[in-house]
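Heads up, the thing below is written out as structure tokens.
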2 protein chains.
Amino acid sequence: MATYFVSQGHDEIPRWQEAFPDARLIRPEDLKARLVRGDCVWVMADAPEWPEQVGELQRRGAAVGVMTYSPATAEAFQALESGARAYVHALSPPELLRQARLVILNQGIWVPPELMARVVGGVFHALGGSPRDRDEALAPLTERERAVALAVVEGYSNKEVARRLDITERTVKAHLGAVFRKLGVRDRMQLVLRLTSVPETALGVGRGS
Amino acid sequence: MATYFVSQGHDEIPRWQEAFPDARLIRPEDLKARLVRGDCVWVMADAPEWPEQVGELQRRGAAVGVMTYSPATAEAFQALESGARAYVHALSPPELLRQARLVILNQGIWVPPELMARVVGGVFHALGGSPRDRDEALAPLTERERAVALAVVEGYSNKEVARRLDITERTVKAHLGAVFRKLGVRDRMQLVLRLTSVPETALGVGRGS
DNA sequence: GGCAACATTGGACCGAAGGACATGGCATCC
DNA sequence: GGATGCCATGTCCTTCGGTCCAATGTTGCC
């Protein structure tokens, strides 16, 4: 089992070398000759054709991860759809990169926690999973918590929500705290990202670098 | 030109009466008999078939507005798609309601400022407009501002964005301030709602009240 | 009755977010 | 050489967002 790193050259700060001292930088054409099933391949999302590369490597039995210097949900989706099983920031700490490699070598999917909220649900949706929509995520909430959560997702501030529901801002915070806890998000931003479905632009975009 | 108000009865706090003293509450079946082109009709989004009602009224030449006690983007879209040209909170101040009526009577579209961010872009897309996506909205931004904006939309905090772009949190705020100004949004939440495309669940849902 | 869950609010606390005002280094254009 | 625009940063200040530790009243269930 070997680990390779594919990039269009200009690798700025080879942080991955720290994580994978045994890995080697290789050009796509050279990789084709020596790739064996079970190898781990990291592909930089800096070339226009990286999704195709990922797809081919995956089909040939490699565990493929995509690295980027500017993580985005859209790109994460593209990566996962292309066959990658990991999507990480190129400057992630070595421990994190090793963790990701371990995961994908064991048939797992790995994305940064920040993107997780968007990806779960979105992927299952794309794969024909249940029509899961926000109602499902809101199920564990009480009536009041749901009302607050929905208002927040609409973009209202705590103060506005308070006015709207005719309660104190303090109470809004209380409900919201419960919402965060129950849904496992850290703040209202993550809540929005969680309850807002994946934008259609997230799938099939090819905005190269 | 008359103003009507259509509701399934139980109108709790008839705020609209303050705004439109000349308006009259009317049942849908009675309205059919006396509606003339140019009339203004307000429909409460409290009945399961309100979108159909709106559609019919609009086809018959009325300026239709939808009122709700719990504004939501999805419902706003449904309203606008059905043919309504206004979507307002039922407890909006009278001045605001009159403003809305004035607008729709003059072939305008009116939605609350809070929903505006979602609606612009989304509506025209839904109605078969240009394939406008987030890139278009990001056009007026500089390279750096774009990077910051995209990171924020991904859910990162200012501190995280700063680390990611290797700049000071202060600088992030500076760029972000410019982004808010250029895109006309008030804070990061509105930015997310603006740049996040309309959820697919927002279109064609019939989840009645 | 007691217990549990829910809704509501209070106060205090602290970090995040955003604006105001100002500075400096680079580019490019006239 | 200005003028302009972008990038980066600084300080100060205000507001907002979130959490912790409480307390009260309700409802429904065993």
Side-chain angles (χ1 to χ4, degrees), chain A residues 12-13 69-70 91 112-114 117 135 137-196 209, chain B residues 12 69-70 112-114 116-117 135 137-196:
Chain A
E12 5 227 314
I13 309 139
Y69 283 106
S70 54
L91 298 182
E114 320 88 70
D135 293 347
L138 293 175
L141 305 183
T142 68
E143 192 57 36
R144 224 47 179 152
E145 290 164 354
R146 200 177 352 261
V148 172
L150 286 176
V152 166
V153 171
E154 292 292 326
Y156 296 109
S157 69
N158 287 343
K159 200 187 297 276
E160 289 168 330
V161 175
R163 263 198 296 271
R164 175 165 312 265
L165 299 182
D166 197 36
I167 53 180
T168 310
E169 184 177 350
R170 180 66 193 78
T171 307
V172 172
K173 288 184 177 182
H175 288 311
L176 209 42
V179 171
F180 294 158
R181 183 174 44 77
K182 288 182 178 177
L183 299 189
V185 297
R186 68 176 183 196
D187 56 27
R188 65 206 300 116
M189 284 292 294
Q190 296 297 323
L191 180 67
V192 170
L193 296 178
R194 174 75 177 284
L195 294 184
T196 299
S209 79
Chain B
E12 5 227 314
Y69 284 107
S70 54
E114 321 89 70
M116 189 63 86
D135 293 347
L138 294 175
L141 305 184
T142 67
E143 192 57 36
R144 225 45 181 153
E145 290 163 355
R146 197 175 358 256
V148 171
L150 286 176
V152 166
V153 171
E154 293 291 328
Y156 297 109
S157 68
N158 287 343
K159 200 187 296 277
E160 289 169 328
V161 175
R163 263 197 295 271
R164 175 164 312 266
L165 299 183
D166 196 37
I167 54 180
T168 311
E169 183 176 352
R170 180 62 194 82
T171 307
V172 172
K173 288 184 179 179
H175 287 310
L176 210 40
V179 170
F180 294 158
R181 182 174 45 77
K182 288 182 178 177
L183 299 189
V185 295
R186 69 176 182 197
D187 56 26
R188 64 203 301 114
M189 285 292 293
Q190 296 295 324
L191 180 66
V192 169
L193 296 177
R194 175 73 178 284
L195 294 185
T196 298

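Residue numbers start from 1 in every chain, and the chains themselves are labelled A, B, ... in the order their sequence lines are given, proteins ahead of strands.
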Rounded distance [0.5 Å steps], [atom1] in [X] versus [atom2] in [Y]:
X      : Y      : atom1 : atom2 : answer
B:N158 : B:R170 : CG    : CZ    : 10.5 Å
A:D187 : B:M189 : CG    : CE    : 9.0 Å
B:L176 : B:L191 : CG    : CG    : 7.0 Å

Rounded distance in Å - [atom1] ([X]) to [atom2] ([N]):
X      : N      : atom1 : atom2 : answer
B:L183 : C:dG18 : CG    : C1'   : 16 Å
B:R181 : D:dG5  : CZ    : P     : 11 Å
A:R188 : D:dG17 : CZ    : P     : 5 Å
A:Q190 : D:dG18 : CD    : P     : 11 Å
A:F180 : D:dT19 : CZ    : C1'   : 11 Å
A:L165 : C:dT8  : CG    : P     : 8 Å
B:L191 : C:dA16 : CG    : P     : 20 Å
A:N158 : D:dG18 : CG    : P     : 6 Å

Quick one: is [X] getting a side-chain N or O under 4.0 Å of the [N] phosphate, OP1 or OP2?
X      : N      : answer
A:K173 : D:dT19 : no
B:R144 : D:dA8  : yes
A:T171 : C:dT9  : yes

- Out of D:dC7, D:dT9, D:dG17, which has the shortest distance to the side chain of B:E145?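 Given the options D:dC7, D:dT9, D:dG17, the side chain of B:E145 is closest to D:dC7.
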
- Message: I'd like to check A:R188 versus B:V192 (side-chain heavy atoms, cut-off strictly below 4.5 Å). Are they in contact?
- Response: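 No, too far: nothing below the 4.5 Å cut-off.
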
- Query: How about B:R144 and B:T171: do any of their side-chain heavy atoms sit closer than 4.5 Å?
  - Reply: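 No - every pair of side-chain heavy atoms lies 4.5 Å or more apart.
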
Base, sugar-phosphate, or nothing for [X], non-hydrogen atoms under 4.0 angstrom?
X      : value
B:R170 : base
B:T168 : sugar-phosphate
B:T142 : sugar-phosphate

- Identify, between B:E169 and A:G177, the residue whose nearest nucleotide on DNA chain D lies closer to the 5' end.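 This one resolves to B:E169.
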
